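Please read the structure below before turning to the comments.
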Amino acid sequence: MRLRNIRGSRERIADCEFVVHEPEKMKGNWSRKVFGNNNPIQIEIGMGKGKFLMELALKNPSINYVGIEKYSSVLIRAIDKQQEIKLPNIMFLRFEAEYIQNIFVKDEVDKIYLNFSDPWPKDRHAKRRLTSRQFLARYEEILRSDGLVEFKTDNRTLFEFSLEECREAGWILDEYTFDLHNDTKLLQGNVMTEYEERFSAEGIPIHKMIIKKQ
Ligand code: SAH
């Protein structure tokens, strides 16, 4: 998701109380230092405007959510919403997920959500895909040992690539579907993302997989 550059968004983010500005300093202490409790941490990488994660935060007050987005022009939309509703259990980061191991320690993250991640269609960019083996190796360094990665996409090529990477990297495929909105079991409790609302309204099937390391 790339939006028109919004003037002043970088400055507003720099001043914002809902953004963690030096995430490296929180490594190993997110729950206590950032949220002041001992609740589990769940993250979304490539959060976009934050609809999905904020809805989860509202539903699950005893989970701490961290939304990660690399573009300020997108992140500012999530911040605008949070300024109005001020959920206590969600914080945001403007951060490139490639360096995710610099900000969390092993076992610190309970679950990782990836929704409608950029497909990077060229083969030579495969390692930039958020479900590539390179990213899975990074997730292993921060996830609880039985922690889950949940991935949704409309992009069948990316989904098939992701199934393959999961196998190659020795992860376990817990559940998957090529048509989430017609899968009564996996659809239970589904929270739609911005992209998901748009694509499913056009009749495009949504694919979902849940994977774990052990
Ligand atoms: N999850 C949202 C947005 C999907 S678009 C939804 O489903 O509606 C994908 C988003 O991921 C974009 O906003 C993009 O900027 C962000 N993104 C892609 N690669 C990223 C990375 N490596 N680190 C952080 N954010 C990333």
Side-chain angles (χ1 to χ4, degrees), residues 1-6 9-10 13 19-21 23-24 26 41-58 65-82 90-104 109 111-122 124-143 148-159 161-162 165 177 180-181 186-187 189-202 204-210:
M1 183 181 293
R2 232 172 165 160
L3 298 178
R4 205 165 25 88
N5 191 33
I6 298 177
S9 55
R10 269 184 181 254
I13 288 169
V19 174
V20 178
H21 300 285
E24 292 83 359
M26 303 305 160
I41 304 267
Q42 300 191 357
I43 69 177
E44 182 180 11
I45 301 179
M47 170 194 61
K49 299 183 203 164
K51 171 191 180 289
F52 169 83
L53 211 61
M54 290 172 89
E55 238 172 276
L56 284 189
L58 192 62
Y65 292 92
V66 178
I68 299 173
E69 170 54 51
K70 69 177 168 187
Y71 289 118
S72 8
S73 57
V74 185
L75 181 60
I76 198 76
R77 305 299 180 104
I79 289 172
D80 284 343
K81 262 184 268 174
Q82 172 68 344
I90 189 164
M91 288 294 272
F92 304 114
L93 301 183
R94 189 172 62 76
F95 194 76
E96 163 54 63
E98 201 183 324
Y99 307 108
I100 193 94
Q101 332 85 287
N102 297 348
I103 61 173
F104 295 106
V109 176
K111 196 186 269 194
I112 300 175
Y113 295 101
L114 307 171
N115 292 315
F116 299 82
S117 311
D118 298 343
W120 293 105
K122 294 193 178 114
R124 68 188 157 87
H125 289 150
K127 63 177 186 299
R128 298 188 188 172
R129 298 174 193 148
L130 292 181
T131 49
S132 63
R133 62 197 72 184
Q134 290 84 355
F135 270 97
L136 292 179
R138 296 177 184 121
Y139 304 154
E140 258 186 82
E141 287 189 40
I142 64 168
L143 257 188
L148 303 174
V149 175
E150 294 199 13
F151 171 53
K152 293 195 274 191
T153 182
D154 62 305
N155 187 312
R156 180 143 184 155
T157 312
L158 177 64
F159 191 66
F161 164 85
S162 307
E165 290 297 277
T177 173
L180 174 63
H181 292 211
L186 282 181
L187 193 60
N190 184 52
V191 172
M192 296 240 261
T193 80
E194 267 119 10
Y195 275 44
E196 184 173 358
E197 280 190 337
R198 199 188 308 161
F199 293 132
S200 58
E202 290 172 20
I204 298 169
I206 307 301
H207 317 314
K208 176 170 183 176
M209 66 189 222
I210 303 176

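Computed from a prediction, not measured in an experiment: that's the story for all the values here. Order of appearance sets the numbers: ligands from 1, and atoms from 1 within every ligand. The analysis underlying the following values was restricted to heavy atoms, covering all of them including side chains, and did not include hydrogens, waters or symmetry mates.
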When only distance counts, is [X] in polar contact with ligand 1, meaning an N/O pair under 3.5 Å?
| X | value |
| --- | --- |
| Ala97 | yes |
| Tyr195 | yes |
| Glu98 | no |
| Gly46 | yes |

For [X] and [Y], which I'm curious about, is there any donor-acceptor pair between the side chains at under 3.5 Å?
| X | Y | answer |
| --- | --- | --- |
| Tyr65 | Glu44 | no |
| Glu194 | Asn115 | no |
| Asn190 | Lys208 | no |

Which of the atoms of ligand 1 are close to [X], meaning less than 4.0 Å from one of its heavy atoms?
| X | answer |
| --- | --- |
| Thr193 | 6 (C), 7 (O), 8 (O) |
| Glu194 | 8 (O) |
| Tyr71 | 15 (O) |
| Glu96 | 21 (C), 22 (N), 23 (N) |

Check the angle between the aromatic planes of Tyr99 and Phe95 and answer parallel, tilted or perpendicular using the 30° and 60° thresholds. perpendicular

What is the ring orientation for Phe159 with His207, classed by angle as parallel under 30°, tilted 30 to 60°, or perpendicular over 60°? tilted

Could you walk me through whether Ile90 and Met54 pass side chain to side chain contact (heavy atoms under 4.5 Å, CB included), step by step? CA-CA 7 Å; Ile90 189 164; Met54 290 172 89; 3.8 Å; yes

With respect to atom 15 (O) of ligand 1, which of Lys51, Lys70, Glu69 exhibits the smallest heavy-atom separation? Glu69

Salt bridge or not between Arg128 and Glu98? Use side-chain N to carboxylate O under 4.0 Å. no

Counting only heavy atoms closer than 4.0 Å, does ligand 1 sit against the backbone of Phe95, its side chain, both, or neither? backbone

Under-4.0 Å heavy-atom contact with ligand 1, by part of Glu44 that carries it: side chain

Within 45° of the axis and under 6.0 Å from the centre of the six-membered ring of Trp120, does NZ or CZ of Arg129 qualify? no

